[in-house]
J.: 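Below you will find the structure I want to go over with you.
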Amino acid sequence: MSDVREPVRVGVLGARGRMGVEVCKAVDAADDLELVAMIDQGDGLFAASDAGAEVIVDFTTPDVVMDNLHWCVEQGISAVVGTTGFSEQRLDRIRGWLSHKPEVGVVVAPNFGIGAVLMMQFAAKAARHFESVEIIELHHPRKVDAPSGTATHTARLIAAARAEAGLGPVPDATKDEVDGARGADIDGVRVHAVRSTGLIAHQEVLFGTLGETLTIRHDSLDRASFMPGVLLAVREIRNRPGLTVGLDALL
Ligand SMILES: NC(=O)C1=CN([C@@H]2O[C@H](COP(=O)(O)OP(=O)(O)OC[C@H]3O[C@@H](n4cnc5c(N)ncnc54)[C@H](O)[C@@H]3O)[C@@H](O)[C@H]2O)C=CC1
Ligand SMILES: O=C(O)C1=N[C@H](C(=O)O)C[C@H](O)C1
């Protein structure tokens, strides 16, 4: 019997987008993966099942991703999702679908960059030691959502760590003279979104306490930075039925 494994058959949703193009290139270049479907708006999802996709990678938009995912789970196709816009309610809906398809795996990761995953872990670890914290996310101006999925996820991790450590609200006596001047409030953590030509994806987490500050910064300078994480998830997902949130568990 031969021990040569068949390549994993991969379909990409959002294949003509900024991330989709990179994912198609990365899958195509991997010997153990086969790119069988490249689907974008208007193409119809059935092309993926017709092509025998075993794993779907979704980098589309927050308004369509839930329908895409529901379809994948119904078809018994595992999914690796980089698209943003996942609230706890959305994650619970996915868990509900998966309860009827226990063999299917879904990974939803707000950021596939290894450095970004570490940045979030470091921020969660630092959170209990600092009275003040704010997040500044910086992205290219064609990004459709704000704040970024990464910033939202980081804010939730920090808020959970602060609550666990018994820290109260972040001190702030400022009254907004102009709406939005203090950024968005996510679970009590202020988040500021910058958009500028020349940027790709960046984030700073700024901590402060008596007499010192700590800044944790991550920069994605090229979308290639997300590909090792995406490929890792594609390779692992079929061994991980159920919902996995974040890349941490796969590293
Ligand atoms: N998790 C991560 O590491 C990363 C996540 N992202 C997220 O990925 C998403 C996509 O980002 P970009 O590629 O920059 O956006 P983009 O706008 O360049 O690409 C989105 C693509 O999805 C297509 N699309 C829309 N509706 C569709 C449908 N129903 N079926 C198939 N395709 C459809 C669009 O035509 C477009 O080509 C965003 O939510 C972004 O925040 C981006 C970079 C990294
Ligand atoms: O739209 C992007 O570009 C990115 N989106 C993700 C997010 O919203 O966090 C990941 C990364 O920041 C790039």
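Model, not experiment: these values are computed from the prediction. All ligand and atom numbering here is 1-based and tracks the order in the structure.
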J.: May I have every N or O pair linking ligand 2 to the protein at under 3.5 Å, one per line with atom names and distance?
T.:
| unit_1 | atom_1 | unit_2 | atom_2 | d |
| --- | --- | --- | --- | --- |
| ligand 2 | 1 (O) | Lys143 | NZ | 2.9 |
| ligand 2 | 3 (O) | His140 | NE2 | 3.0 |
| ligand 2 | 5 (N) | Lys143 | NZ | 3.1 |
| ligand 2 | 8 (O) | Lys143 | NZ | 2.7 |
| ligand 2 | 8 (O) | Gly149 | N | 2.8 |
| ligand 2 | 9 (O) | Gly149 | N | 3.2 |
| ligand 2 | 9 (O) | Thr150 | N | 2.7 |
| ligand 2 | 9 (O) | Thr150 | OG1 | 2.5 |
| ligand 2 | 12 (O) | His139 | NE2 | 2.6 |

J.: Between Pro110 and ligand 1, which part of the residue brings a heavy atom under 4.0 Å of the ligand: side chain, backbone, both or neither?
T.: backbone
J.: Judged by atom type as modelled, is there a donor-acceptor pair below 3.5 Å linking the side chain of Asp67 to the main-chain atoms of Val64?
T.: no
J.: Walk me through whether Phe207 and Phe130 qualify under ring pair (Phe, Tyr, Trp, His ring centres under 6.0 Å).
T.: CA-CA 6 Å; Phe207 291 101; Phe130 291 87; 5.3 Å; yes
J.: Could you tell me whether a side-chain N or O of Asp185 sits under 3.5 Å from a main-chain N or O of Gly188, the two making a donor and an acceptor?
T.: yes
J.: If you count the atoms of ligand 1 from 1 in the order shown, which ones are under 4.0 Å from a heavy atom of Gly14?
T.: 21 (C), 22 (O), 23 (C), 31 (C), 32 (N)
J.: So for ligand 1, is Pro62 a polar contact partner (N or O within less than 3.5 Å, distance only)?
T.: no
J.: So, for Ala126 and Leu214, which heavy atoms are closest and what is the spacing to 0.1 Å?
T.: CB-CD2, 4.0 Å
J.: Is there any N or O on Thr61 that sits under 3.5 Å from an N or O of ligand 1?
T.: no
J.: Give a yes or no answer on whether the side chain of Thr83 reaches the backbone of Thr60 with a donor-acceptor pair at less than 3.5 Å.
T.: yes
J.: Considering only heavy atoms of Met19, which atoms of ligand 1 have at least one such atom less than 4.0 Å away?
T.: 13 (O), 42 (C), 43 (C), 44 (C)
J.: Hey, does the side chain of Glu137 reach the backbone of Ala193 with a donor-acceptor pair shorter than 3.5 angstrom?
T.: no
J.: Do any nitrogen or oxygen atoms of Ala109 come within less than 3.5 Å of a nitrogen or oxygen of ligand 1?
T.: yes
J.: Which residue and non-hydrogen atom of the protein lie closest to atom 9 (C) of ligand 1, and at what distance in Å?
T.: Thr60 O, 3.3 Å
J.: Counting from 1, what ligand 1 atoms have a heavy atom of Lys143 closer than 4.0 Å?
T.: 41 (O)
J.: Would you check the N or O atoms of His140, main chain and side chain alike, for any that come under 3.5 Å of an N or O of ligand 1?
T.: no
J.: Can you confirm whether Asp145 sits close enough to Lys143 that some side-chain heavy atom of one is under 4.5 Å from a side-chain heavy atom of the other?
T.: yes
J.: Gly183 and Arg190: which non-hydrogen atoms are nearest, and at how many Å?
T.: O-NH1, 3.2 Å
J.: Just verifying a value: how many Å separate Thr150 OG1 and His202 NE2, rounded to the nearest 0.5 Å?
T.: 11.5 Å
J.: Where does the angle between the aromatic ring planes of His70 and Trp97 fall among parallel (under 30°), tilted (30 to 60°) and perpendicular (over 60°)?
T.: parallel
J.: For ligand 1, which part of Phe226 has a heavy atom less than 4.0 Å away: the side chain, the backbone, both, or neither?
T.: side chain
J.: Given salt bridge (Lys or Arg N to Asp or Glu O under 4.0 Å), test Arg128 with Glu164 step by step and report yes or no.
T.: CA-CA 8 Å; Arg128 68 194 319 274; Glu164 198 185 325; over 6 Å; no
J.: Are any of the N or O atoms of Gly113 closer than 3.5 Å to those of ligand 1?
T.: no
J.: Taking 4.0 angstrom as the limit and counting only heavy atoms of Asn111, give me the atoms of ligand 1 inside it, by number and element.
T.: 1 (N), 2 (C), 3 (O)
J.: Is the backbone N or O of Ala51 less than 3.5 Å from a side-chain atom of Arg9, with the two atoms forming a donor-acceptor pair by type?
T.: yes
